[in-house]
Amino acid sequence: IPKRRFLSLGISLGTSPYPYQFAFLTEGARFSITVKARQVGFSYAFALRGLSCALRQSHYSALYLSLNQRDAEEKIRYARLLYNSQPKEIRRKVRLTRDSMQELYFSNGSRLISLPCSSGLRGKSGHLFLDEFAHFRDDEEIFIAALPLASRGYEVHIASTPLGAR
């Protein structure tokens, strides 16, 4: 893959994504499942995909569910770092209006929310990113709760390292 600082995603990267990250970032699928190794940068790709959509689309909503609180906060940390690395003209056009450990809200009505999987999905909506899904204690319940989101047109992306026969 050639070096790309600015993808069709509409944001500056500062580095070239790995081929598997690039494939995930540019695919058009509304539903995806990725079996991955540990520490390969897929959480970063999740944050990047959500942020790029939030900056390009008004009222975009991304919901990240992670194995625990620390991992949930990491998605927001990645998204915040990526946002702050954007050129001033992008940050002036879409300003950050709320910034906490679990959420980023933008002036165009878009938002990124990241929670531990123990929070569940009931009553929540948005494009869904399930990170380390095979390790979720209530994975079947969360998957069933995700189906209505998919049927309403939201994207559902699942990524996980393997866990036995699951």
Side-chain angles (χ1 to χ4, degrees), residues 1 3-18 20-34 41-66 69 71-133 142-159:
I1 291 177
K3 289 240 178 216
R4 296 174 188 240
R5 286 192 40 100
F6 191 83
L7 295 175
S8 60
L9 299 171
I11 67 173
S12 176
L13 296 178
T15 186
S16 294
Y18 292 111
Y20 54 86
Q21 290 173 318
F22 185 80
F24 172 72
L25 293 169
T26 57
E27 68 158 352
R30 282 189 29 232
F31 186 81
S32 68
I33 298 175
T34 303
F42 224 84
S43 296
Y44 180 84
F46 270 4
L48 178 56
R49 185 165 177 154
L51 178 66
S52 69
C53 292
L55 294 178
R56 289 182 292 120
Q57 301 172 32
S58 294
H59 304 287
Y60 176 87
S61 186
L63 176 62
Y64 302 99
L65 284 189
S66 298
Q69 182 67 41
D71 292 345
E73 290 173 0
E74 195 71 0
K75 307 305 173 298
I76 295 300
R77 187 179 79 80
Y78 290 148
R80 182 183 304 109
L81 287 170
L82 284 161
Y83 176 80
N84 288 331
S85 71
Q86 298 309 298
K88 286 182 182 177
E89 58 270 11
I90 291 176
R91 288 183 284 133
R92 272 192 289 252
K93 182 179 176 189
V94 182
R95 293 177 320 283
L96 189 58
T97 58
R98 186 186 307 168
D99 182 352
S100 73
M101 298 296 284
Q102 291 185 305
E103 55 192 22
L104 298 176
Y105 282 66
F106 300 94
S107 59
N108 66 354
S110 294
R111 63 190 184 151
L112 306 177
I113 299 171
S114 190
L115 301 168
C117 64
S118 59
S119 297
L121 281 177
R122 303 272 182 232
K124 298 172 180 75
S125 65
H127 299 280
L128 183 61
F129 297 84
L130 303 173
D131 195 22
E132 290 298 352
F133 183 67
I142 290 171
F143 185 78
I144 290 168
L147 295 177
L149 294 176
S151 69
R152 290 192 327 205
Y154 290 109
E155 295 178 5
V156 177
H157 300 287
I158 300 171

Shortest non-hydrogen separation from [X] to [Y] and the atoms involved:
X: Leu115; Y: Gln102; result: CD2-NE2, 3.6 Å
X: Gln21; Y: Ala45; result: CG-CB, 4.2 Å
X: Tyr60; Y: Gly50; result: CE2-O, 3.5 Å
X: Arg152; Y: Ser125; result: NH2-CB, 3.1 Å
X: Leu128; Y: Ala146; result: CD2-CB, 3.5 Å
X: Pro116; Y: Ala72; result: N-CB, 3.8 Å

Donor-acceptor pair, side chain of [X] and main chain of [Y], under 3.5 angstrom:
X: Arg80; Y: Ser100; answer: yes
X: Arg56; Y: Ser52; answer: yes
X: Ser61; Y: Gly126; answer: no
X: Ser114; Y: Glu74; answer: no

Taking the side chain as every heavy atom from C-beta outward, state whether [X] and [Y] have any atom pair closer than 4.5 Å.
X: His127; Y: His157; result: no
X: Tyr44; Y: Leu82; result: yes
X: Val94; Y: Ser110; result: no
X: Asp131; Y: Lys75; result: yes
X: Gln86; Y: Lys93; result: no
X: Tyr78; Y: Leu51; result: no

Using the ring of each side chain (for Trp, its six-membered ring), is Phe46 parallel, tilted or perpendicular to Phe24, with breaks at 30° and 60°?
->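 Judged by the thresholds at 30° and 60°, the geometry between Phe46 and Phe24 is tilted.
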
Nearest-0.5 Å distance that lies between atom [atom1] in [X] and atom [atom2] in [Y]:
X: Ser43; Y: Glu132; atom1: OG; atom2: CD; value: 7.0 Å
X: Leu55; Y: Arg91; atom1: CG; atom2: CZ; value: 11.0 Å
X: Arg92; Y: Ser107; atom1: CZ; atom2: OG; value: 13.0 Å
X: Ile33; Y: Ile158; atom1: CD1; atom2: CD1; value: 4.5 Å
X: Asp99; Y: Phe106; atom1: CG; atom2: CZ; value: 8.5 Å
X: Arg49; Y: Thr26; atom1: CZ; atom2: OG1; value: 8.5 Å

Check: How about Phe143: does its CZ atom have over 12 heavy atoms from other parts shown lying under 6.0 Å from it?
Finding: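 Atom CZ in Phe143 is not crowded, with 12 or fewer foreign heavy atoms closer than 6.0 Å.
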
Option among Tyr154, Tyr64, Phe42 that satisfies the ring pair (Phe, Tyr, Trp, His ring centres under 6.0 Å) test with Phe129
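Result: among Tyr154, Tyr64, Phe42, Tyr64 is the only option passing the ring pair (Phe, Tyr, Trp, His ring centres under 6.0 Å) with Phe129.
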
Looking at Glu103 and Arg98, does any basic side-chain N land under 4.0 Å from a carboxylate oxygen?
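Result for this pair is yes, salt bridge flagged.
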
